[in-house]
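Each residue takes its place number in the sequence, starting with 1. When a ligand or atom number is given, it counts from 1 through the structure's own listing order. Quick caveat, the model's predicted, so the values are computed rather than measured.
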Amino acid sequence: MDSFTDLIKHIKEATNILIAGHISPDGDAIGACCAMGLILKEMGKKYAILLEDPNPKYNYLLDMVNLESQIPEEACDLFIALDCADMERLGDFKEAHKEALITWNIDHHISNTNYSKYNYVDSQASSASEIVYDFYEETGISMNKNIAKSIYTGIVYDTARFKHSNTSPKTLDIASKLIEEPFDFSEIIRKLFDERPLITLQLQGVVLGNIESYCNDALIVSTLSIEEANKYGEGTEDTGGVVNILKNTKGSKVALFLCQKSQDEIKLSLRSEDPYDVCKIAQEFGGGGHTKAAGATINGTIEEAKEQIMPRLLELFE
Ligand SMILES: [Mn+2]
């Protein structure tokens, strides 16, 4: 692993610095990029942050930094990739990485391919934002509320507010230092995790109304048809995460959500806990994912999709 002493040297020598996060940037990618930009500003450097269509709910960070959606014209002498496990995840910004004089890859994904000239990959870190905090400590600049806000956002996002097992004593130690700065950390968590558009709540209401329970609540299933969704707006796009609500049912081991995407296309989302491997089941239907969170698409009606997958799920509890 390369050292931040080198990175600081590279920053001091650079004129045009580009910072980029992965495609479809999440709270950690955005938090880490904004924090890095604000640190560079404190170091007296010119920078631009490249992010692909960041969600406007992060404007409380994005409004503070120099954000670009396109690669700037001027040649870049230092490129810093954050929270990005491989080159492909840089999307169109890959070109700027290729052209840059010096490249750095700073990340926490265990699958990171060390694609830059200099690489700093710490898979023990909860988030890329946590690593940016480590970097900040090396720079000798002072913390301010905007840097704190950015790093805090990335950490709470990737740990799901200190819930996931990637939360370490060090993570909490950093968070405790960050909230010494005067920013509204409750508001960040409310915005990121609690607030949702009205239509999302309305669609969740339909899905919760459609719940079916099998095997003494061990298997929870629900559905959403286009027809049901259209009562509230166009399509079934705003249902991301509803399968997690199903999985929160007391006693449930596996949850399945079937969402109709078009007349004959049903998207399956699966969640489970040990020892149930839903990735294996999703793969049988041409999908994939993680052991405890997976998905697939089946052609047919909701009823036809259910006929195919339900026997396979009920089998788990025989
Ligand atoms: Mn991350």
Asks: Applying side-chain contact (heavy atoms from CB on, under 4.5 Å) between Ile281 and each of Ile309, Leu268, Val254, report the one that passes.
Replies: Ile309
Asks: Can you name the N/O/S atom of Asp28 that is nearest the Mn ion (ligand 1)?
Replies: OD2
Asks: Nearest to the Mn ion (ligand 1), which N, O or S atom of Asp83 do we find?
Replies: OD1
Asks: So, do Phe183 and Tyr60 have ring centers that fall under 6.0 Å from each other?
Replies: no
Asks: Should the pair Glu273-Lys292 be classified as a salt bridge under the 4.0 Å nitrogen-to-oxygen rule?
Replies: no
Asks: Between Glu99 and Lys94, does at least one N-O distance fall below 4.0 Å, as a salt bridge requires?
Replies: no
Asks: How wide is the angle at the Mn ion (ligand 1) between OD2 of Asp158 and NE2 of His108, to the nearest 10°?
Replies: 90°
